[in-house]
Amino acid sequence: MSQIAKRVVCVSHALTPDHVSTQSIKLRVKEQGITWSNKSTVDMDLVDWLKFPVYPPSGMEGGPLEVQFKIIPLMGVDFATAPKKFSHYWTERAVRQIISEARRDGVERLTIGLGAYTKRATNHGVDLLKLLESFQDIWVSFNHGDIGTAGLAFQMIRNAGVPKGLSVAVVGATGAIGGLITTLLPEIEPSRLVLIG
């Protein structure tokens with residue numbers, strides 16, 4: 001088996017029962033013989049939802065990046081309303097499985113993307129950093145979508161044509177997205193910037 005240099009694995013849960021992605025996930029659950037879970041389930045198997053390579057542009061060095069999407073077989077509302085110790089446990093268990101599979105496959109660099117409520121359950125991955133000390137043979141990092149969300153929100157502020165010198169208040173300025181937007185706001189030159197935690 002050839003060694004995989006880089007792998008990105010996005011881990012999340014299902015969204016809502018009627019969401020189009022859930023129909024696709026349910027097919028995978030059936031194909032893989034996995035039991036759909038609820039918030040009282042302790043241990044559950046990850047669903048291998050999607051997998052594909054991403055090739056670098058022609059002329060650039062490096063092999064393909066392998067991308068996978070793995071799903072904790074719970075609906076979003078069940079994941080979000082479960083006690084944090086459960087949602088953290090489910091996410092940590094998923095991350096351990098993802099890292100173990102990467103080690104088995106000889107992956108050199110692994111990025112785990114925390115989606116939806118999995119990032120909230122793990123303090124945006126910070127609570128999982130201690131776990132990485134037991135995996136010295138593989139480079140692992142965590143990522144989530146807050147940077148992209150903040151970038152899109154700030155682009156909307158720019159597109160709205162906010163005039164210079166306006167007083168601006170950021171509600172949720174100590175949050176993951178609000179904090180990022182706050183660092184971008186000086187670009188539009190507000191006369192006053194009020195941060196609300």
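Here the structure is a predicted model, which is why all the values come from computation and not from measurement.
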Exercise for review: Tell me yes or no: between the side chains of Asp43 and Tyr89, is some donor less than 3.5 Å from an acceptor?
Suggested key: yes
How close do [X] and [Y] get, heavy atom to heavy atom, and via which atoms?
X: Val170; Y: Gly178; answer: CG1-O, 4.0 Å
X: Ser37; Y: Met44; answer: OG-CB, 3.5 Å
X: His88; Y: Ala121; answer: CD2-O, 3.2 Å
X: Ala5; Y: Val107; answer: O-CG1, 4.2 Å
X: Ile34; Y: Leu46; answer: CD1-O, 3.2 Å
X: Pro190; Y: Val168; answer: CB-CG2, 3.8 Å

Practice item. May I ask you to decide if Asp45's main-chain N or O and Gln97's side chain share a donor-acceptor pair within less than 3.5 Å? Key: no
Check your understanding: Would you find a donor on one side and an acceptor on the other, under 3.5 Å apart, between the side chain of Thr22 and the backbone of Thr16?
Key -> yes
Is [Y] reachable from [X] through a run of hydrophobic residues whose side-chain heavy atoms are each under 4.5 Å from the next?
X: Trp36; Y: Ile71; answer: yes
X: Leu50; Y: Leu27; answer: no
X: Val11; Y: Val54; answer: no
X: Trp139; Y: Leu129; answer: no
X: Val67; Y: Val140; answer: no

Point to revise | Residue list, ring pair (Phe, Tyr, Trp, His ring centres under 6.0 Å) with Phe79, at least two apart or on another chain | key: His13, Trp90
What distance do [X] atom [atom1] and [Y] atom [atom2] have between them, rounded to the nearest 0.5 Å?
X: Ile138; Y: Arg104; atom1: CD1; atom2: CZ; answer: 11.5 Å
X: Ser24; Y: Trp49; atom1: OG; atom2: CH2; answer: 5.5 Å
X: Asp127; Y: Phe142; atom1: CG; atom2: CZ; answer: 10.0 Å
X: Ile188; Y: Ile157; atom1: CD1; atom2: CD1; answer: 6.0 Å
X: Ile181; Y: Leu195; atom1: CD1; atom2: CG; answer: 12.0 Å
X: Ile72; Y: Asp78; atom1: CD1; atom2: CG; answer: 12.5 Å

Apply side-chain hydrogen bond (donor to acceptor under 3.5 Å, both in side chains) to [X] and list each qualifying residue two or more places apart in sequence or on a separate chain.
X: Ser40; value: Asn38
X: Arg28; value: Glu31
X: Ser100; value: none

Any side-chain heavy atom of [X] within less than 4.5 Å of one from [Y]?
X: Leu114; Y: Thr122; value: yes
X: Leu65; Y: Val8; value: yes
X: Gln32; Y: Val47; value: yes

Point to revise | Test: Arg7 and Glu108 ion pair at under 4.0 Å | key: no
Practice item. Take Glu101 and Lys70 through the salt bridge (Lys or Arg N to Asp or Glu O under 4.0 Å) test and state the conclusion after the steps. Key: CA-CA 12 Å; Glu101 289 175 3; Lys70 292 187 177 275; 3.0 Å; yes
Review point. Is there a side chain to side chain contact (heavy atoms under 4.5 Å, CB included) between Ile25 and Val29 once you walk through the steps?
Key: CA-CA 6 Å; Ile25 293 165; Val29 165; 4.2 Å; yes
Review point. Would Phe154 and Leu180 satisfy side chain to side chain contact (heavy atoms under 4.5 Å, CB included), going step by step from the backbone distance to the final call?
Key: CA-CA 9 Å; Phe154 189 65; Leu180 289 167; over 6 Å; no
**Study point:** salt bridge (Lys or Arg N to Asp or Glu O under 4.0 Å) partners of Arg120, counting only residues at least two apart
**Key:** none
**Study point:** Co-members of Ile196 in a cluster of I, L, V, M, F, W and Y side chains, linked at under 4.5 Å
**Key:** Val171, Val194
Practice item. Report the C-alpha distance between Ile112 and Ile99 in whole Å, list the side-chain angles of each, state the deciding distance to 0.1 Å, and finish with yes or no for side chain to side chain contact (heavy atoms under 4.5 Å, CB included). Key: CA-CA 9 Å; Ile112 300 173; Ile99 294 172; 3.9 Å; yes
